[in-house]
Amino acid sequence: MTLRLLFNEIRVGVKQICDRLGYPETEFDVSEASRPEFGDVSCNIGFLLAKALKKRPFDIAQTLAEEYKKKSKKYVLEVFAHDSGYLNFTANYSLFIPEVIHASLLLDYGKIDLGKNSRMVVEHTSVNPNKALHVGHVRNIIIGDTIARILHKASYDVSVLNYVDDSGLQVADIIVGFKYGGFSDKAPEGQKFDHYCGDVVYVKITERYETDKHLAELRSQVLKELEEGTSEIAKFGDEITRRVLDEQLKTCWRLGVTYDCLNFESQIVRSNLWSTAFEKMKSMGITELEKEGKNVGCWVIKAESEEDKVLVRSNGTATYVAKDIPYAAWKLGILEDPFYYKHYAVQKTGRVLWQTTLDNKETKLNFRGDMVITVIDSRQSRLQKIITKIMSDFKSKPDAYRHLGYESVTLSPETAKTLDLDTGGKSVQMSGRKGIYVSADYVLDVLGSRTFEEAKKRNPELDELNLVKISEQVAIGALRYAMIKQDLDKIITFDLTESLSLEGDTGPYIQYAYARSLRILEKAGREPNFKIHLDQLETVYEKNLVKVIASFDLQVEDAAKNLSPKVVAKYCYQLAVTFNAFYEHVKVLSAESESLTDARICLVYSFKETLGKALQLLGIAAPERM
RNA sequence: GGGCCUGUAGCUCAGCUUGGAUAGAGUGCUGGACUUCUAAUCCAGUGGUCAAGGGAUCGAAGCCCUUCGGGCCCGCCA
């Protein structure tokens, strides 16, 4: 039993009455009432029929209410028309509460069958392997990871990919640094290798290009060798990339993010994927050879009301977009899979991480999908639009390939100042090349020491090990929640000081509610007894909590259908707020009677289970103590 | 010049897809609640011509049009 059943009962009931009365068919709305005095559920049918029936909305609602009262009802207790014209309903709580609580005990509570086990690919992270992750990357990673978790809950068979651009310009930059710039390929003591590459080598060598033209030429040479993949430089590049990647993945894993497969660009380049895709595009007339104008001799894609996009240069080499096309087609299973797969690592959750290889002694596996979601920030929208169009031509299915875009993370003027940058009161775009960023590891460390102090103050009896565990969980909860709670198309202005706030609408607030509920259950000193009469739960706080618990699957559906991770974040917050109100106003362990205590223990347990599952969707740990 | 996103309380944001009841949170500020199931909490107060103008509608923060402010993208770079 969930709210969905109550809504359905009302929808069907109202529809039957309308049919019987000969009212015209309408798509009316059944939703949660916006205020307590409006009951639990509201229906707007009065407004919709007003014109056709030439009656006031209230009169229609009134008639429907009278008719509805005569019907046999299950989860509905009362029906009444409101002066405004709404048709309102109250729930039959003596039935509703026990059924919701029992339903919430199921292991897969909240699961919906939207995906019907179809194959879904989610690609995220895809950070150039020449630097450490910064908070901008974290937004990508957390959006992608959360979407993957939500889609899994919505019964999609999800594979998560991380695209490793190991043959691009950014990698070439640090290789130049190591080979020709005099930088050691060992990080100084105490510094992670990815930080060293990004903070020092990448930034410094970029500065030097300005004055040293020879260095810039060497870069082109290195880039070419990386793509060909046979030279000594290429082997060295591969080694460096993998060392950086290892360190990046440590940060991802620390954030609770796992993957199924690493796709190396160098192997895509060396496979025949590009030429196959190119031939396909030619034969489908998607791309054409330009005969005149500024792009003469290039293969281009004509776009409506926009500039033509060059796919293949007049010298025959493929451009950046072009490289993405075969990969996108591969993800959708359009082209034959040239890859084999070998173990990369076993992740903390036990999930195996694979990597592509062209070595045919390795295994054949399937990491492709009927649908593909690519998480990249919206600065890539134009290019992604082109790819989306081509994929829909290839697959002749419009939504198979989807670009999930999001706005970037900028640094607040105050935080920019900590990097010795005066932005004149404006926020600033991060840039790895210019060294303008705040790294993910740094944020987690600062947050971690802040939460450690807090946890120690509150739990002086706990040992160091436990405190570290709690503070890490809370720090990650805070960061993940901050990255997910607002809409994808809102810019996040990251402020270091503000990110340390752990109160109000934050991850720790939600985690705290969980910890509180667990303490009640611990102190109760007995297992919840679900045979007890749960209809003793009569206060508004208890009813509200049950209602929120009952809406879990509706929220999952909303989030999955709209690819909107914040929906689940809002839901967790709502659960926590409702529980905290309950906590403050309703006593569990010192209730008026033993049996009431028992009933409330069941509710608290139900809450704990539901919040735990919802937090899992956000990848936020549910701490036992805080 | 073209394309995409955005503008709601001092600040940060929900609500807009699918129009409907008195526009909600957090934070800030003011005041209150810990010998109590953890105060990372709760309660009360404060705070809004929903950027501006127009249109269609019985009804607009939401839909359409125009204008203005802010951000991003538009290379035979990646």
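Reckoned from all heavy atoms, side chains included, excluding hydrogens, waters and symmetry mates.
- The residue Val474(A) sits close to a base: some heavy atom pair falls under 4.0 Å.
- Residue Arg382(A) has no polar side-chain atom (N or O) positioned under 4.0 Å from OP1 or OP2 of C72(B).
- Place Tyr573(A) and Tyr320(A) on RNA chain B by their nearest nucleotides, and Tyr573(A) ends up nearer the 5' end.
- Taking the six-membered ring where tryptophan is involved, the planes of His137(A) and His134(A) are essentially parallel, since the angle between them stays under 30° and well short of 60°.
- Remark: Lys457(A) is not in phosphate contact with U38(B), judged by side-chain N or O atoms under 4.0 Å from OP1 or OP2.
- Nucleic acid contact for Asn44(A): none, since no nucleic acid atom lies under 4.0 Å from a heavy atom of the residue.
- Across all strands, Asn130(A) comes closer than 4.0 Å to no nucleic acid atom at all (heavy-atom distances).
- Taking the P atom of each, C5(B) and C64(B) are spaced 12 Å apart, rounded to whole Å.
- Across the C1' atoms, C50(B) and C13(B) are found 13 Å apart, a figure rounded to whole Å.
- Distance noted for atom P between A78(B) and U17(B): 42 Å (whole Å).
- Pair assignment for G7(B) gives C68(B), based on Watson-Crick or G-U wobble hydrogen-bonding distances that are each under 3.5 Å.
- Look at Lys426(A) and you'll find a side-chain N or O under 4.0 angstrom from OP1 or OP2 of G71(B).
- RNA chain B is contacted by both Asp487(A) and Ile520(A); Asp487(A) maps to the nucleotide lying nearer its 5′ end (nearest heavy atom per residue).
- Checked options Gln511(A), Arg450(A), Glu454(A); the residue passing with Val474(A) is Gln511(A) (criterion: side chain to side chain contact (heavy atoms under 4.5 Å, CB included)).
- A salt bridge links Lys294(A) with Glu307(A); the closest basic N to acidic carboxylate O contact falls under 4.0 Å.
- A cation-pi arrangement, defined by a distance under 6.0 Å to the six-membered ring centre and an angle within 45 degrees of its axis, is present between Lys282(A) and Trp299(A).
- A distance of about 15 Å separates the P atoms of G24(B) and G47(B), rounded to the whole Å.
- In this structure, Gln486(A) reaches the sugar-phosphate backbone alone: every heavy-atom distance under 4.0 Å involves primed, P, OP1 or OP2 atoms, never a base.
- Using a 4.0 Å heavy-atom distance criterion, Phe47(A) is classed as a base contact.
- Taking a cutoff of 4.0 Å between a charged side-chain nitrogen and a carboxylate oxygen, Arg625(A) and Glu461(A) qualify as a salt bridge.
- At the heavy-atom level, Leu383(A) lies under 4.0 Å from base atoms of the strands shown.
- The same atom, C1', is picked in A61(B) and in A23(B); the two are 8 Å apart, to the nearest Å.
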